[in-house]
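Please read the structure below before turning to the comments.
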Amino acid sequence: MDFSKLQQRGSVEWRLPATGRMRVPGVILASRDLVAAMDDKVLEQIANVAGLPGIVAAAYAMPDAHWGYGFPIGGVAAFDAADGGVVSAGGVGFDISCGVRTLHTGLKRADLEGAKLRLADLLYARIPAGLGSVGGLRLSAGGMEAMLMGGARWAVGEGYGAIADLTHIEDSGCAAGADPGAVSDQAKRRQRDEMGTLGSGNHYLELQVVAELFDQAAAHDYGLAVDDVVVSIHCGSRGLGHQIGTDYLREMVLAAPAAGILLPDRELACAPLASALGRRYLGAMRAAINCALANRQILTQLTRDAFAEVFPGSALTLLYDVSHNTCKEETHRVDGLSRRLFVHRKGATRAFGPGHPELPAGYRRAGQPVLIGGSMGTASYILAGRAGEGERAFGSACHGAGWAMSRHEATRRWQGRAVIDELAGRGILIRSPSSRGVAEEAPLAYKDVGAVVDAANLAGLAVKVARLAPLVCVKG
DNA sequence: ATGTGC
């Protein structure tokens with residue numbers, strides 16, 4: 001990273017002043033070490049985002065930021081529709097509404113002694129994982145429409161999970177304003193057989209143990225104690241979201257000149273929020289959010305069924321479910337004024353603070369659970385949102401460890417088998433259909449997740465609550 | 001991320 005362009009403001013804030021076509025400054029919220037490890041391309045992408053029409057306050061990068069498609073991954077940017085603001089398909093990302101949900105199992109570490117291996121094999125047998133994997137469900141045209149409108153609420157109605165789950169999901173499990181008519185037939189076709197599947201890449205289902213608590217009061221409110229076993233599911237909207245991203249990116253590139261939008265990078269393709277194209281994309285993207293929420297809801301039921309085979313009578317309850325690839329219409333205070341903004345979070349987690357009316361009653365005191373997936377074999381974290389007065393980055397935080405290198409570089413350095421054996425030696429069981437996928441996801445291919453959450457904590461984005469250590473990981 | 005690729 002070229003520090004010469006950055007102005008340091010405190011230990012974890014770096015400002016890229018607005019120059020040239022930038023309308024607002026860029027702000028990186030990370031430690032010096034994390035910034036030093038970031039590619040210069042991140043700076044270039046932040047500057048490009050800062051030049052988009054209608055952007056408000058600043059283009060932000062979270063501590064885990066790295067360069068992505070158009071926008072950096074770990075990027076946050078908000079736009080005002082009344083000020084010519086835009087929505088960008090690249091600013092949401094291809095895996096629309098990719099996110100994490102964490103479930104309490106009601107079990108302690110000691111309960112797993114002797115059952116871990118069986119549970120690993122059972123979860124791997126029950127959870128469809130890998131590229132092109134299909135689920136046990138085939139959606140009819142009507143079923144597809146209902147799923148895209150209803151999200152996790154639809155899934156509960158179909159028998160996956162309980163109504164009580166819904167209060168612990170962002171948007172109560174259903175994004176409003178979804179428009180299945182704005183989703184291409186091809187996107188729907190790709191999704192027809194893929195409900196209740198994990199996918200590939202960095203997606204996983206992980207059995208974890210609470211290894212350390214940092215904030216007793218918040219941990220209490222979240223129902224977490226040391227040695228508790230939890231399950232975390234990381235996945236998104238599969239082929240449907242990917243196809244929507246592909247479809248609209250192409251359309252936005254073609255429509256940009258007529259909309260008077262000059263693109264410094266075609267990957268930044270966007271459309272005015274006030275345009276028909278912008279509205280159609282929002283409708284399709286919200287349908288993809290519902291697809292991801294329904295998908296994680298189905299996977300939750302498959303997980304419960306697997307647990308019931310090993311631990312009859314076990315009850316898995318939902319701690320929280322939050323996405324990290326979205327564009328959401330939200331109210332934020334900017335310079336003392338309350339404004340409706342369209343907040344793009346790409347590889348960034350919503351992190352609403354204490355008292356926010358959208359949080360379930362039990363979490364109003366602590367703030368929203370912020371679920372941070374680490375890399376395979378390292379730690380994951382649960383943080384509590386701190387957004388409020390003086391908030392930065394529109395109530396957002398980091399989403400994971402963030403890549404330290406390309407997938408190609410990772411496969412050059414490691415072999416899947418060796419990674420699995422090394423982790424097995426440390427008592428961490430990996431189950432995956434893809435040896436190459438495991439190599440790409442080797443722990444050292446990622447940044448140090450502990451350093452990332454420490455930076456998020458220092459920057460005031462979210463407060464550390466718990467560290468989770470992996471026990472079993474089903475990888476896509 | 002992805003029926004892994006213009």
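Sequence lines set the chain letters: A, B, ... in the order given, protein chains first and strands last, and positions in each chain run from 1.
- The salt bridge (charged side-chain N to carboxylate O under 4.0 Å, His left out) search around A:D95 returns none, not counting sequence neighbours.
- Rounded to whole Å, atom C1' of B:dT2 lies 12 Å from atom CZ of A:R436.
- Annotation: ring-ring contact (aromatic ring centres under 6.0 Å, His included) contacts involving residues 36-56 of chain A, sequence neighbours excluded, are absent.
- Residues satisfying the side-chain contact (heavy atoms from CB on, under 4.5 Å) criterion with A:L166, sequence neighbours excluded, are A:A152, A:R153, A:V156, A:I169.
- Annotated stems with DNA chain B as a participant are lacking; only runs of 3 or more Watson-Crick or G-U pairs under 3.5 Å would qualify.
- Residues forming a salt bridge (charged side-chain N to carboxylate O under 4.0 Å, His left out) with A:D121 (at least two apart in sequence, or on another chain): A:R431.
- Sequence neighbours left out, the pairs with a member in residues 237-261 of chain A that pass ring-ring contact (aromatic ring centres under 6.0 Å, His included) are A:F94-A:H242, A:Y248-A:Y281.
- With sequence neighbours left out, A:Q243 forms a side chain to side chain donor-acceptor pair (under 3.5 Å) with A:Q186, A:R190, A:D247.
- In this pair, A:H344 and A:F71 present their aromatic rings parallel. The plane angle is below 30°, not in the 30 to 60° band.
- Spacing between atom CG of A:L198 and atom C1' of B:dT2 amounts to 14 Å, rounded to whole angstrom units.
- Here A:H104 pairs with nothing under the ring pair (Phe, Tyr, Trp, His ring centres under 6.0 Å) rule; sequence neighbours left out.
- The residue A:E194 sits close only to the backbone: its heavy atoms come under 4.0 Å of sugar-phosphate atoms, none of a base.
- Taking atom CG of residue A:N295 and atom P of nucleotide B:dT2, one finds them 10 Å apart after rounding to whole Å.
- The stretch residues 230-252 of chain A touches DNA chain B through A:R238, A:G239, A:H242, each having a heavy atom under 4.0 angstrom from the strand.
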